[in-house]
Amino acid sequence: MLIDSHCHLDRLKAAPDQQSLRDILAQAKSRGVDYFLCVNVRQQGFASMRDKMAEFDQVFLSAGVHPLDVQEGLNRVELNEFVKDPKVVAIGETGLDYFYANETKALQQSCFEEQIALAVEVNKPLIIHTRDAREDTINFLKNGHADKVGGVLHCFTESWEMAKAAIDLGFYISVSGIATFKNAGELRTVMRKVPKDRLLVETDSPYLSPVPHRGKENQPAYVRDVAEFIAELRGESYEELAEYTTNNFFTLFSDAAKLVGR
């Protein structure tokens, strides 16, 4: 079994309707991918994402506001209602991105603080996006007591020092297809160091297709390529990595484990 721990199924151009989405999930299933976490980035888009995923028991959800979408605002009362949905297993995608949107830094920070507080309040883990904001990301997590709920630094591209700081707070590190890129030598070094009990794999589809699918829209089935690459990188078998990343997923997202009877 393998799990795509972070994807945006509602944004796949290849899945404009329910039947095409069924086909995409079936293709992933044929490659051993059994479960998917469909991650929310815009509060205004949650309801349509939830409705589109309603028929798929193998798809879990998150609810939150991405740092690049904070200008649309965060309605805490509405978000509180969204997280009551039994399929919502995490808060996010939230975090800080000073690379693409340094001009909204203050708004990003306030939205991040609010979502950390919500995660602690409802006891759900956080899904973190971070870019060029290493120190602030860790400090906000520490100050907000995010260690009480944990979470994941998704699509990780930062330093080992940041990974270690997050792991020390009880967070997991998730690797995407970026690790397969030619210029990802530093990231591959980090991925060799992440402990087995703290690693997840993802696609972040429809973005960041791994080798050998570069130039195509990313799909959940391609998490198999990421997993095989990382297993070889770490000197492990694919089967071993698939087993422990699956266990890690259900340990972190305990509400998902309950939904499937684990």
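The first residue of the sequence shown is numbered 1, and numbering continues consecutively from there.
Between the side chain of Glu158 and the main chain of Ala163, no donor-acceptor pair closer than 3.5 Å is present. Of the possible polar contacts, one joining the Asn248 side chain to the Leu199 backbone as a donor-acceptor pair under 3.5 Å is found. Using modelled atom types, one side-chain atom of Gln108 and one backbone atom of Asp97 make a donor-acceptor pair closer than 3.5 Å. Between the Gln44 side chain and the Glu72 main chain, a donor and an acceptor come within less than 3.5 Å of each other.
When side chains are defined from C-beta on, Asn80 counts as touching Glu121, because their heavy atoms get closer than 4.5 Å. Arg198 is not listed as a side-chain neighbour of Ile173, based on a closest heavy-atom distance of 4.5 Å or more. Between Arg224 and Tyr238, some side-chain heavy-atom pair lies under the 4.5 Å cut-off. The shortest distance between side-chain heavy atoms of His213 and Asn218 does not fall below 4.5 Å.
Partner of Thr203 under the side-chain contact (heavy atoms from CB on, under 4.5 Å) criterion, out of Ser176, Ser209, Cys7: Cys7 alone.
Classified by interplanar angle (parallel below 30°, tilted 30° to 60°, perpendicular above 60°), the ring pair Phe253/Phe249 is tilted.
With respect to the salt-bridge test (charged N to carboxylate O, under 4.0 angstrom), the residues Glu161 and Arg134 do not qualify. Using a cutoff of 4.0 Å between basic side-chain nitrogens and carboxylate oxygens, Lys87 and Asp57 are not scored as salt-bridged.
Taking the ring centroids of Phe250 and Tyr35, they lie under the 6.0 Å cut-off.
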Apply salt bridge (charged side-chain N to carboxylate O under 4.0 Å, His left out) to Lys29 and Asp34, showing your working. CA-CA 5 Å; Lys29 173 72 173 177; Asp34 286 351; 3.0 Å; yes
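Between the side chains of Tyr98 and Asp136, at least one donor N or O lies within less than 3.5 Å of an accepting N or O.
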